[in-house]
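Below, chain A is the first sequence line, B the second, and so on; all start at residue 1. Fair warning: this is a prediction, and the values are worked out from it, not measured in the lab.
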There are 2 protein chains.
Amino acid sequence: MARKFIDNPNACSLVHTMNIIGNKWKPIILYLLSNGSMRFGMLNALIPTISKKVLTNQLKELENDGLLLRQSFAEIPPRVEYSLTEKAIGLLPVLRMLSDWANEAYPEMEFEQCRIIENGKKPAYNNV
Amino acid sequence: MARKFIDNPNACSLVHTMNIIGNKWKPIILYLLSNGSMRFGMLNALIPTISKKVLTNQLKELENDGLLLRQSFAEIPPRVEYSLTEKAIGLLPVLRMLSDWANEAYPEMEFEQCRIIENGKKPAYNNV
DNA sequence: AATAGTGGTAACCATAAAGTAACTAATGGC
DNA sequence: GCCATTAGTTACTTTATGGTTACCACTATT
């Protein structure tokens with residue numbers, strides 16, 4: 001009877017990290033918040049290809065995982081500010097390394113602007 | 001008329017990296033290959049919760065992105081060895097940081113063994 | 001003659017993730 | 001009275017991802 005799990009502590013913490021940040025939008029969100037807090041609408045403007053529904057959802061998950069602080073102000077119209085927690089700040093150098101790696105490993109690519117999914121097709125990444 | 005792309009070089013190379021390794025299986029595969037080459041069947045045994053179809057597919061994508069070398073030997077029964085390229089080796093310290101981060105950020109968790117999806121439910125990560 | 005062993009592939013199905021459009025609450029300004 | 005504003009939510013549809021089972025090729029062994 002075969003094992004039904006991965007039996008390796010390092011692989012497992014890696015899996016855990018990837019479960020938290022390893023998707024299409026979360027690293028971008030964290031990166032954009034690295035210079036300070038930002039409102040929902042601003043995040044949506046900087047990532048124009050994400051839908052509001054999904055952005056809401058990603059922010060909620062990041063908050064639940066302890067990476068984001070959500071501050072809601074009792075104003076009309078509403079104002080909500082998102083900022084990084086200490087946990088997330090500890091991740092920033094790693095994110096930086098991930099992006100540096102792409103620049104080194106794929107020097108022929110120019111990462112000026114990127115589309116994130118256009119018309120439901122891959123590539124999720126595309127130079128413009 | 002709104003932008004349809006993300007206008008930030010650092011975010012874009014980050015997106016690119018995550019498109020390459022930011023999914024459920026790829027970081028594990030790379031990690032397992034960090035000690036040397038390995039056969040298809042061995043990878044499958046060490047990641048018992050992945051299906052052959054998906055493993056094949058992930059290996060193919062990693063090969064296409066220049067992270068894996070695939071060596072097929074003309075033997076019966078067949079033997080195929082996968083190993084990391086230089087590009088992938090450059091990624092290992094980053095993977096290590098990702099896993100270290102999880103250990104620091106979530107000290108209450110014990111990453112001994114993990115299940116990767118059970119019965120189609122999250123959590124994708126689960127202590128046993 | 002049947003079976004085991006390896007690294008797949010094909011057809012088909014289930015689930016998860018993401019997208020779209022319309023809608024809401026509460027207030028200020030015209 | 002009407003519209004704009006913001007941060008969402010809801011219901012519904014589409015796309016992507018992953019899983020299951022069966023099958024293949026080729027040889028050695030029983």
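With C:dA18, D:dA7, C:dG7 as the candidates, the nucleotide lying closest to the side chain of A:Val54 is C:dA18. For B:Lys53, taking side-chain heavy atoms from C-beta onward, the closest of the listed nucleotides C:dA26, D:dG19, C:dG19 is D:dG19. Taking only side-chain atoms of A:Arg70, from C-beta outward, the nucleotide of C:dT27, D:dG8, D:dT9 with the closest atom is D:dG8. Listed nucleotides: D:dT20, C:dT6, D:dA7. Nearest to the side chain of A:Lys52: D:dA7. When distances are taken from the side chain of B:Pro78 to each of D:dG18, C:dA18, C:dG7, the shortest belongs to C:dG7. Proximity note for A:Val80 (side chain, C-beta onward) versus D:dG8, C:dT20, C:dA18: the nearest is D:dG8. Among the nucleotides D:dC12, C:dA11, C:dG8, the one closest to any side-chain atom of B:Tyr82 is C:dG8.
For DNA chain C, no neighbouring residue in residues 33-43 of chain A is found when judged by any heavy atom under 4.0 Å.
Taking atom CD of A:Glu75 as the reference point, atom P of C:dT27 lies 12 Å away to the nearest angstrom. To the nearest angstrom, C1' of D:dT6 lies 14 Å from CG of A:Leu59. Atom pair A:Asn44:CG and C:dA18:C1' shows a separation of 14 Å (rounding to whole Å applied). In this entry the distance linking CG of A:Leu55 with P of C:dA18 reads 12 Å, nearest Å. As a whole-Å value, the separation of A:Ile76 CD1 from C:dA26 C1' is 4 Å. The distance from atom CZ of B:Arg79 to atom P of C:dA4 is 23 Å, rounded to the nearest whole Å. Between the P atom of C:dA18 and the CG atom of B:Asn19 lies a distance of 12 Å, rounded to the nearest Å. Here C:dA10 presents its P atom at 8 Å from NZ of B:Lys60, a figure rounded to the nearest Å.
B:Ser37 places no side-chain N or O within donor-acceptor distance of the main-chain N or O of B:Leu33, the cut-off being under 3.5 Å. A:Thr85 places a side-chain N or O within donor-acceptor distance of the main-chain N or O of A:Leu67, the cut-off being under 3.5 Å.
Of the residues near DNA chain D, A:Asn57 and B:Ser51, the one whose nearest nucleotide (by heavy atom distance) lies more toward the 5' end is A:Asn57.
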Is there a salt bridge (charged side-chain N to carboxylate O under 4.0 Å, His left out) between A:Arg70 and A:Glu81 once you walk through the steps? CA-CA 6 Å; A:Arg70 180 182 183 279; A:Glu81 300 256 0; over 6 Å; no
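Residue contacts for A:Glu81: at a heavy-atom cut-off of 4.0 Å it reaches no nucleic acid atom on any strand shown.
Between A:Gln58 and the phosphate of C:dA17, there is no side-chain N or O to OP1/OP2 separation shorter than 4.0 Å.
The two residues B:Ile21 and A:Met18 come nearest to each other via the heavy atoms O-CE, 3.6 Å.
Seen from the ring of B:Tyr106, A:Lys87 counts as a face-on cation partner, given the 6.0 Å and 45° thresholds.
The neighbour count for A:Glu75 CD, taken as heavy atoms of other residues, nucleotides or ligands under 6.0 Å away, is above 12. Surrounding CD of B:Glu86 are at most 12 heavy atoms belonging to other residues, nucleotides or ligands under 6.0 Å away.
Paired with A:Leu84 under the rule side-chain contact (heavy atoms from CB on, under 4.5 Å), one option of A:Ile29, A:Leu69, A:Leu91, A:Ile89 passes, and it is A:Ile89.
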